[in-house]
Amino acid sequence: MTDPAHEPSATSENPVDPVAVWRRTAPDAVLLDGFHALKHAVRFGAEVLVAVTADRAAALALADELAADVRDTLAALLTEVPHATYASLVPRPHPTAVAALAVRPDRAGNLATLAHAPRTAPVVVLDQPRNLGNAGAVVRLAAGFGATGVVTTGTLDPWHPTVVRGGAGLHFATAVERLTVDELPPGPLFALDPEGEDIRSLKLPDEALLAFGSERTGLSEELRARADHLVALPMRPQVSSYNLATSVAMTLYHWSATGGASA
């Protein structure tokens with residue numbers, strides 16, 4: 001089997017057939033679906049194997065407007081192909097008609113980042129999440145706040161193409177892995193639960209693990225048993241829950257506003 005890490009990238013000066021490279025490398029690569037996913041991946045050091053677009057001029061115009069810092073890199077990576085060819089390579093076409101494949105970050109490196117001590121920002125733990133789009137939104141939030149990483153437990157693959165699409169390629173800006181509860185990195189675990197202590201009375205340490213259960217079932221018994229603290233978000237009576245990404249955003253904001261990341 002071909003090693004995608006050693007595949008040549010297709011560029012405007014490189015005669016390599018981008019479709020052939022795509023079909024060889026797709027099974028083991030990360031799909032970057034859309035201009036913004038590619039933009040963010042490039043910004044945060046992803047190794048892009050191949051990038052295609054159905055409208056190179058439009059993609060570079062977007063780069064001029066929104067990503068001047070990586071415009072030249074995108075120009076070198078993007079190869080124009082017919083729209084039908086582009087559409088055949090992705091699950092569903094993106095409005096920007098841009099797609100790329102990148103090498104997934106090394107798991108050992110991610111685990112080392114997650115376990116490194118002392119941490120300067122929390123790790124977000126999604127306990128048995130179910131919704132791929134919500135998981136992607138959480139990765140995007142974590143990257144924006146500078147969290148050390150996002151860990152999922154359970155069966156959801158945090159590198160599923162739908163999660164990467166929801167995260168706008170920002171998986172490359174933080175450490176994203178799937179672990180069991182027993183494999184979680186060290187640090188005090190603050191688990192969000194309606195019966196917990198009001199978060200406004202707490203200061204969340206940089207080395208914290210911030211755990212969130214699924215919207216339907218909440219925390220698993222296994223993770224609840226591992227928790228050092230149960231924490232509750234302020235909520236009006238008779239309102240049943242917040243969206244998962246909203247809960248993560250509120251918690252990370254509280255961390256940052258009370259001195260996190262040397263605010």
Side-chain angles (χ1 to χ4, degrees), residues 29-34 36-38 40-41 90-96 99 102 104-105 107 110 114 122-145 147-181 183-185 189-196 199 208-224 226-227 230-236 238-255:
V30 177
L31 173 63
L32 302 172
D33 196 2
H36 299 291
L38 175 59
H40 283 137
V90 295
R92 57 190 172 106
H94 191 276
T96 59
R104 179 168 172 168
R107 178 176 170 86
N110 273 347
L114 292 167
V123 173
V124 174
V125 179
L126 303 184
D127 186 32
Q128 300 186 12
R130 295 289 183 266
N131 186 283
L132 295 166
N134 278 348
V138 168
V139 171
R140 192 168 184 172
L141 280 165
F145 276 100
T148 295
V150 176
V151 168
T152 63
T153 69
T155 59
L156 183 145
D157 177 9
W159 285 89
H160 185 282
T162 301
V163 183
V164 178
R165 182 173 175 140
L170 284 163
H171 283 59
F172 292 91
T174 190
V176 179
E177 289 294 339
R178 177 168 55 179
L179 302 173
T180 67
V181 171
E183 293 171 332
L184 291 177
L189 196 154
F190 292 75
L192 276 289
D193 184 272
E195 303 304 316
I199 194 171
L209 307 178
L210 305 176
F212 303 82
S214 71
E215 292 165 342
R216 177 171 295 182
T217 61
L219 297 167
S220 67
E221 289 304 317
E222 186 179 12
L223 190 135
R224 185 184 292 271
R226 163 73 170 78
L230 294 180
V231 180
L233 294 169
M235 185 182 299
R236 180 180 178 179
Q238 299 182 312
V239 174
S240 55
S241 69
Y242 293 120
N243 172 272
L244 174 62
T246 300
S247 296
V248 175
M250 292 171 71
T251 304
L252 287 175
Y253 178 78
H254 177 78
W255 162 72

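Listed by chain and residue number, Thr152, Val176, Arg178 satisfy the side chain to side chain contact (heavy atoms under 4.5 Å, CB included) test with Pro158 (two or more places apart in sequence, or in another chain). The side-chain hydrogen bond (donor to acceptor under 3.5 Å, both in side chains) test applied to His94 returns Thr96, not counting sequence neighbours. Remark: Asn110 pairs with Pro105, Ala175, Glu177 by the side chain to side chain contact (heavy atoms under 4.5 Å, CB included) rule, at least two apart or across chains. Legend: residues meeting side chain to side chain contact (heavy atoms under 4.5 Å, CB included) with Ala211, ordered by chain and number and at least two apart, are Val125, Leu189, Ala191, Leu223. A search for side-chain hydrogen bond (donor to acceptor under 3.5 Å, both in side chains) contacts involving His40 returns nothing, not counting sequence neighbours. Scored by the salt bridge (charged side-chain N to carboxylate O under 4.0 Å, His left out) test, Asp33 finds Arg165 as partners (sequence neighbours excluded). Judged as a side-chain hydrogen bond (donor to acceptor under 3.5 Å, both in side chains), and not counting sequence neighbours, the contacts of Glu183 are Thr180. By the salt bridge (charged side-chain N to carboxylate O under 4.0 Å, His left out) test, Arg130 pairs with no residue at all, sequence neighbours left out. Scanning for ring-ring contact (aromatic ring centres under 6.0 Å, His included) contacts around Phe212 gives an empty result, with sequence neighbours left out. For Arg104, the side-chain hydrogen bond (donor to acceptor under 3.5 Å, both in side chains) criterion is met by no residue, not counting sequence neighbours. With sequence neighbours left out, the salt bridge (charged side-chain N to carboxylate O under 4.0 Å, His left out) criterion links Arg226 to Asp228.
Separating the CG atom in Leu210 from the CD1 atom in Ile199 is a distance of 7.5 Å, to the nearest 0.5 Å. Note that CG of Leu244 is 9.0 Å distant from CG of Leu141, once rounded to the nearest 0.5 Å. Between Gln128 atom CD and Leu156 atom CG the span is 11.0 Å, to the nearest 0.5 Å. With values rounded to the nearest 0.5 angstrom, Leu230 atom CG is found 7.5 Å from Leu219 atom CG.
The shortest non-hydrogen separation linking Ala99 to Val90 is CB-CG1, 3.6 Å. In terms of heavy atoms, Ala143 sits closest to Leu170 at CB-CB, 3.8 Å. The two atoms that bring Asp127 and Ser220 nearest to each other are OD2-N, 2.7 Å, heavy atoms only. The two residues Asn131 and Asn134 come nearest to each other via the heavy atoms OD1-N, 2.8 Å.
When side chains are defined from C-beta on, Leu32 counts as touching Phe172, because their heavy atoms get closer than 4.5 Å. At a threshold of 4.5 Å between non-hydrogen side-chain atoms, the residues Val164 and Leu31 do not count as touching. Here the side chains of Leu179 and Pro185 are in contact, with some heavy-atom distance below 4.5 Å.
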Exercise for review: Please lay out, stage by stage, how Arg224 and Asp193 fare under the test side-chain contact (heavy atoms from CB on, under 4.5 Å).
Suggested key: CA-CA 9 Å; Arg224 185 184 292 271; Asp193 184 272; 2.7 Å; yes

Check your understanding: Does the side-chain contact (heavy atoms from CB on, under 4.5 Å) test come out yes or no for Val138 and Val124, once each step is laid out?
Key -> CA-CA 9 Å; Val138 168; Val124 174; 3.9 Å; yes

Going by atom type alone, with no hydrogens or angles, which donor-acceptor pairs under 3.5 Å involve a side-chain atom of residues 245-253 and a protein atom two or more places apart or on another chain?
{"from": "Ser247", "atom 1": "OG", "to": "Asn243", "atom 2": "O", "distance (Å)": "3.3"}
{"from": "Thr251", "atom 1": "OG1", "to": "Ser247", "atom 2": "O", "distance (Å)": "2.9"}

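The backbone N or O of Leu132 sits nowhere less than 3.5 Å from a side-chain atom of His160 that would complete a donor-acceptor pair. Within the 3.5 Å criterion, the main-chain N or O of Val181 finds no donor-acceptor partner in the side chain of Thr153.
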